[in-house]
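The figures that follow rest on heavy atoms only: side chains count, while hydrogens, waters and symmetry mates do not. Reminder, nothing fancy here: chain letters follow the sequence lines and each chain counts from 1.
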There are 2 protein chains.
Amino acid sequence: MALDHAILVSLLERPGSGYELARRFERSIGYFWTATHQQIYRVLRRMEAEGLLDVREVAQQGRPDKREYSVAAPGRAALSRWLHEPIEPESLRHELAVKIRGAAFDEPAALAGEVERHRRVHAERLAHYLAGQERDFTGPGAPPPDPGRELQHVVLRGGIAYERMTLDWLDDVLATLHRLAGGLPPS
Amino acid sequence: MALDHAILVSLLERPGSGYELARRFERSIGYFWTATHQQIYRVLRRMEAEGLLDVREVAQQGRPDKREYSVAAPGRAALSRWLHEPIEPESLRHELAVKIRGAAFDEPAALAGEVERHRRVHAERLAHYLAGQERDFTGPGAPPPDPGRELQHVVLRGGIAYERMTLDWLDDVLATLHRLAGGLPPS
DNA sequence: GACCGCATGTAATAGGTTACATGATTCG
DNA sequence: CGAATCATGTAACCTATTACATGCGGTC
């Protein structure tokens, strides 16, 4: 049920439509929780029916109308209850690692291209996070800090640390694949 | 469909029963892919029906019989095909990060206990990985390296790097929560 | 006698992805 | 005129989790 809570947090940070939420799940919130628009619309309907959210139809000029959701009192209470419950520390789910172990039963060197592609994607994500950090937190035009922003920043620092760690690890993987491919480079 | 491939890799590394696979998914393979026994039994049945796996009924003394699965030729081909397909670099899914951002709308300090609990779990995992590394790869009794083991080792190093990064990040989170709780410590 | 480990499953539900569908407006 | 963006949804399917269920053998 964590999508429910991610939506509550995002709507508390700023009310918005399903479409806007879907876009946030491609950026900011999406750094650590993903969801597609189909899923978001489904959950929004359910949460509205459960009385956790309020809706306001907003007419717009030059654009389709939208349904702007905001968090109702019971929604806030539900979030608060969840925040005080313990959750299970979660485990990784890393498909590429399955491939790497599987490479032992195929040509290990054939995987290098795929690993390099992943490396590029992670390098882009890191650059994107760093730009966001500069823009929203550490740069000259950034708004002054407050508790909510401090917490957003520490989560972003987690994303940055994750991408840096991943890049280092993928370099290790590439070096290992090259070593296995024959030429042992000088140690 | 990645559970299928994780099972193929694990059975190629060593044939085994559903029960044994479930145990491996709590250790080694489970470092980067999780699955419960219910799911594993269901998928094994399907993969057997699809001809990807062979089964052998093994009678045991003092224990229930078991169905030992191994990878059939079509299974090996399916794995090889998958290894040559690109996969999407995946995104994090970190429930604790949702909680941290949500803490802005509750008492931030109340989250410190939960974060510390997660920190302890990750410290235990790191210790467990390091012990496994010593036992299986770097210690004196470890078997000699071969390509398959090198690849297992580089995946384990990824798990170690992940846990170290997570511990550092959780320390950052705790420091941030304490700072928000009032006393600004000397910088 | 109670509990743990080995071994296998079913059933119900929840969560998530993919494909399909519609319709307006703006930009090149 | 075509493509992209804004905006909302349905339907089918697949994947994953939780709860329930059984039975033997060994250990405390």
Quick one: [X] [atom1] to [N] [atom2], roughly how many Å, whole number?
| X | N | atom1 | atom2 | result |
| --- | --- | --- | --- | --- |
| A:Asp65 | C:dT25 | CG | P | 11 Å |
| B:Leu44 | D:dA16 | CG | P | 14 Å |
| B:Leu3 | C:dT17 | CG | P | 16 Å |
| B:Arg42 | C:dA11 | CZ | C1' | 10 Å |
| A:Arg56 | D:dA7 | CZ | P | 13 Å |
| B:Tyr69 | C:dA7 | OH | C1' | 12 Å |
| A:Lys66 | C:dT25 | NZ | C1' | 16 Å |
| B:Arg46 | C:dT8 | CZ | P | 18 Å |

Would a distance-only check, ignoring hydrogens and angles, find a side-chain to backbone donor-acceptor pair under 3.5 Å from A:Thr176 to A:Asp172?
->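 Side chain of A:Thr176 to backbone of A:Asp172, a donor-acceptor pair under 3.5 Å: yes, one is there.
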Going by atom types alone, do [X] and [Y] pair a side-chain donor with an acceptor below 3.5 Å?
| X | Y | result |
| --- | --- | --- |
| B:Arg149 | B:His153 | no |
| B:Arg67 | B:Ser17 | no |
| B:Arg93 | A:Thr34 | yes |
| B:Asp106 | A:Ser80 | yes |

Nearest to side-chain heavy atoms of A:Pro64, which nucleotide of D:dC6, C:dA7, D:dT8 =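 The nucleotide sitting nearest to the side chain is D:dC6.
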Between B:Trp169 and B:His94, is the ring centre distance below 6.0 Å?
->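 Between B:His94 and B:Trp169, which both carry aromatic rings, the centre distance is below 6.0 Å.
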May I ask you to verify if any side-chain N or O of B:Gln60 is less than 4.0 angstrom from the OP1 or OP2 atom of C:dA7?
->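 Yes.
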Using a cut-off of less than 4.0 Å, is there contact between a side-chain N or O of B:Arg93 and OP1 or OP2 of C:dG16?
->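 The answer is yes; a side-chain N or O of B:Arg93 sits under 4.0 Å from OP1 or OP2.
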Candidate pair B:Arg101 and A:Ile29, rule side-chain contact (heavy atoms from CB on, under 4.5 Å), full reasoning | CA-CA 9 Å; B:Arg101 264 172 89 147; A:Ile29 285 274; 4.3 Å; yes
Hey, which sits more toward the 5' end of DNA chain D by its nearest nucleotide, A:Arg63 or B:Arg63?
->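 Upstream on the strand: A:Arg63.
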Parallel, tilted or perpendicular: which describes the rings of B:Trp82 and B:His5, with under 30° parallel and over 60° perpendicular?
->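 Taking B:His5 first and then B:Trp82, their aromatic rings lie parallel (interplane angle under 30°).
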Below 4.0 angstrom, N of the basic side chain to O of the carboxylate: do A:Glu95 and A:Lys99 qualify?
->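 Salt bridge between A:Glu95 and A:Lys99, a charged N being under 4.0 Å from a carboxylate O: no.
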Positions of residues 15-27 of chain B (non-hydrogen atom under 4.0 Å from DNA chain C), listed by number |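 Heavy-atom cutoff 4.0 Å gives B:Ser17, B:Gly18, B:Tyr19, B:Arg23.
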DNA chain D contacts made by residues 31-41 of chain A, counting heavy atoms under 4.0 Å |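 A:His37, A:Gln38, A:Tyr41 - these, ordered by number, are the residues of the stretch whose heavy atoms sit under 4.0 Å from the strand.
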